[in-house]
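First up is the structure itself, then whatever we jot down about it.
In listed order, ligands and their atoms are each counted from 1.
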Amino acid sequence: MAAEKAAEILRAGGLVALPTETVYGLAANALNAAAVEKIYQVKGRPSVNPIIVHVAGINGAKRCASAWPSAASLLAEAFWPGPLTIVLPKTEIIPPIVTAGGGTVGIRWPSHPFMQAVIHRCGFPLAAPSANLSNQVSPTTAGHVARTLGDKISLIVDAGPAAVGIESTVVDLSSGAPVLLRAGMISSAQLAGVLGSLKTPAAAEGAVLKSPGQLARHYSPRARLIVLDWENERHLKAQLQLHSIPPDRAHVIAHDKIPADCGCARVSLIPEDPEAYARALYSELHVSDDLGAEWIVVEQVPPTAEWEGIRDRLKRASAPR
Ligand code: TXA
Ligand code: MG
């Protein structure tokens, strides 16, 4: 059985690419420093970037955290299992390599049944960043993982496309007032609804350094990505010209005003509701990269709360190099 095969490799200190509901993860035994070291090597991940620890239940989470504030209970009750990572002070069992030497650990109880089955079989938590080379677009299918890491890991478990499609929301509860470290499909409005209040990165500048996922350029395709808003096709063409983007080198990702004849190399339609959009976005970026697009032109998305995780990823993917 695939879950047992994965657990066997993990028990022996190896790496396995596993499906989660957000994106595919590159997992190792979180309690085995030598195993976690392999994650950094395979991904080319900077050693300053801590790794999320995945558990399969509240008790598993409490083994990793030396404090369990009431806010943690509230968040776990509302959003676990699911796409939320909670940062708390770590216990002794978590080796420093997992937390990049820091005293806090990011903990997530994912909802994906396969991931849960593997964690149960292992009996230890799994350290797992997204299963991509550092700074590249996260994988939402097993195929995305295979393309960049296929020759570096012995098992990639294919469970179809990820249901959420962008990485988990990260909230820091380690220093008093809750701080949003990374936006995601669980919005800050939802979190504030449960917690009463939440500091966002703009309000807590220190958070920018606390979570490397906050670095401006991250989650980037090879192609240059730009977000534009257009009224009609003429307006789009004029903007491409303004930004010196040759249409025949540009792939357009649109969800509302679909250009029919902009001379672009490719136009893809992506669903207009935020959940379906998030599920489709990274696949579209992977396709454009695979086809050798020079530019990816993404239609601006709505300013509302349900889109904040998507806006965050588009902003990072379009940050100057
Ligand atoms: O949805 C996800 O979170 C996926 C799946 C596999 O669970 N994982 C993921 O991992 O996106 P990664 O390594 O690509 O991103 C982890 C983010 C980074 O921004 C990291 O800095 C932050 O979580 N993080 C992890 N531990 C932290 C800690 N102790 N303090 C602050 N930020 C932390
Ligand atoms: Mg990542």
(request) Report yes if the side chains of Q41 and E37 come closer than 4.5 Å at any heavy-atom pair, otherwise no. (result) yes
(request) Name the option, out of P129, P50, P110, that contains the heavy atom nearest to atom 24 (N) of ligand 1. (result) P50
(request) Check each heavy atom of N49 against ligand 1 and say whether those closer than 4.0 Å belong to the side chain, the backbone, both or neither. (result) side chain
(request) For R182 and S168, test the side chains for any donor-to-acceptor distance below 3.5 angstrom and give the result as yes or no. (result) yes
(message) Which of the numbered atoms in ligand 1 are under 4.0 angstrom from any heavy atom belonging to A128?
(response) 6 (C), 8 (N)
(request) Indicate, as side chain, backbone, both or neither, the part of T22 found under 4.0 angstrom from ligand 1 when only non-hydrogen atoms are considered. (result) side chain
(request) Of the side chain and backbone of M115, name the one, both, or neither that has a heavy atom under 4.0 Å from an atom of ligand 1. (result) neither
(message) I need the atoms of ligand 1 closer than 4.0 Å to a non-hydrogen atom of S168, numbered in the order shown.
(response) 1 (O), 2 (C), 3 (O)
(request) Could you check which of R182, H112, E21, E167 puts a non-hydrogen atom nearest to atom 15 (O) of ligand 1? (result) R182
(message) If we ignore hydrogens and angles and just use 3.5 Å, is the side chain of Q190 paired with the main-chain N or O of S187 as donor and acceptor?
(response) yes
(request) Check whether any N, O or S atom of S138 sits under 2.8 Å from the Mg ion (ligand 2). (result) no
(message) If the cut-off is 4.0 Å to any non-hydrogen atom of H54, which atoms of ligand 1 fall inside it?
(response) 5 (C), 6 (C), 7 (O)
(message) Under a 4.0 angstrom heavy-atom cut-off, which atoms of ligand 1 come close to V105?
(response) 29 (N)
(message) Can a donor-acceptor pair be found, under 3.5 Å and without considering hydrogens, that links the side chain of R108 to the backbone of G82?
(response) yes
(message) For V87, run the side-chain contact (heavy atoms from CB on, under 4.5 Å) check against D172, V105, L173 and tell me which one passes.
(response) D172
(request) Any atoms of ligand 1 less than 4.0 Å from a non-hydrogen atom of R45? List them with their elements. (result) 13 (O)
(request) For residues 159-169, pull every pair meeting salt bridge (charged side-chain N to carboxylate O under 4.0 Å, His left out), keeping only residues two or more places apart or in separate chains. (result) E167-R313
(message) If the threshold is 4.0 Å, N to carboxylate O, is there a salt bridge linking E294 and R222?
(response) no
(request) Using a strict 4.0 Å cut-off to heavy atoms of G25, name the atoms of ligand 1 that fall inside it. (result) 6 (C)
(request) Kindly check if the number of other-residue, nucleotide or ligand heavy atoms within 6.0 Å of CZ (R63) is above 12? (result) no
